[in-house]
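All remarks here apply to the structure that follows.
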Amino acid sequence: MRDKSIVKVENVTKYFKQEKVLDDVNMNLETGHIYGIVGKNGAGKTTFIKLLCRLYEVTEGEVLVNGVNI
């Protein structure tokens with residue numbers, strides 16, 4: 001069976017200086033779906049989106065688009 005995920009986030013952790021802002025995030029985003037990112041202020045929503053857009057680099061883990069680590 002073919003994997004329908006277009007974006008995979010695997011074990012992503014992000015630090016700013018000594019502060020951990022994302023901790024071991026895992027997610028599969030499949031083509032044909034609409035997703036929303038929700039959470040409290042300071043939960044890491046903007047950081048997560050900036051990681052997907054490559055405005056920030058991942059500290060640990062990887063973001064894959066069509067199987068390629070970006």
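- The salt bridge (Lys or Arg N to Asp or Glu O under 4.0 Å) pairs that include a residue from residues 38-50 number zero, where partners must be two or more places apart or lie in different chains.
- Residues L51 and V12 meet the side-chain proximity criterion, which asks for heavy atoms closer than 4.5 Å.
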### Task
Please report the C-alpha distance between L22 and T13 in whole Å, then the side-chain angles of each, then the deciding distance to 0.1 Å, and finally whether the side-chain contact (heavy atoms from CB on, under 4.5 Å) criterion is met.
CA-CA 5 Å; L22 292 176; T13 299; 5.8 Å; no
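- Using modelled atom types, one finds no donor on one side chain facing an acceptor on the other under 3.5 Å when comparing N26 with E10.
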task: Could you check I49 against L55 for side-chain contact (heavy atoms from CB on, under 4.5 Å), going step by step and ending with a plain yes or no?
output: CA-CA 9 Å; I49 296 302; L55 297 174; over 6 Å; no
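- The list of salt bridge (Lys or Arg N to Asp or Glu O under 4.0 Å) pairs with a residue in residues 13-23, not counting sequence neighbours, reads K20-D23.
- In plain terms, the two heavy atoms of T59 and Y15 that are nearest each other are OG1-N, 3.0 Å.
- Counting heavy atoms from C-beta outward, L52 and V63 have side chains that approach closer than 4.5 Å.
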Practice task
Take F48 and M27 through the test side-chain contact (heavy atoms from CB on, under 4.5 Å) and record every step on the way to the result.
Solution key: CA-CA 11 Å; F48 179 75; M27 185 177 298; 3.9 Å; yes
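- With sequence neighbours excluded, no residue forms a side-chain contact (heavy atoms from CB on, under 4.5 Å) with N41.
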task = Go through V7 and L64 one step at a time and tell me if the side-chain contact (heavy atoms from CB on, under 4.5 Å) criterion holds.
result = CA-CA 6 Å; V7 177; L64 304 163; over 6 Å; no
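- Hydrophobic clustering of Ile, Leu, Val, Met, Phe, Trp and Tyr side chains at less than 4.5 Å, counting indirect connections, unites L29 with I70.
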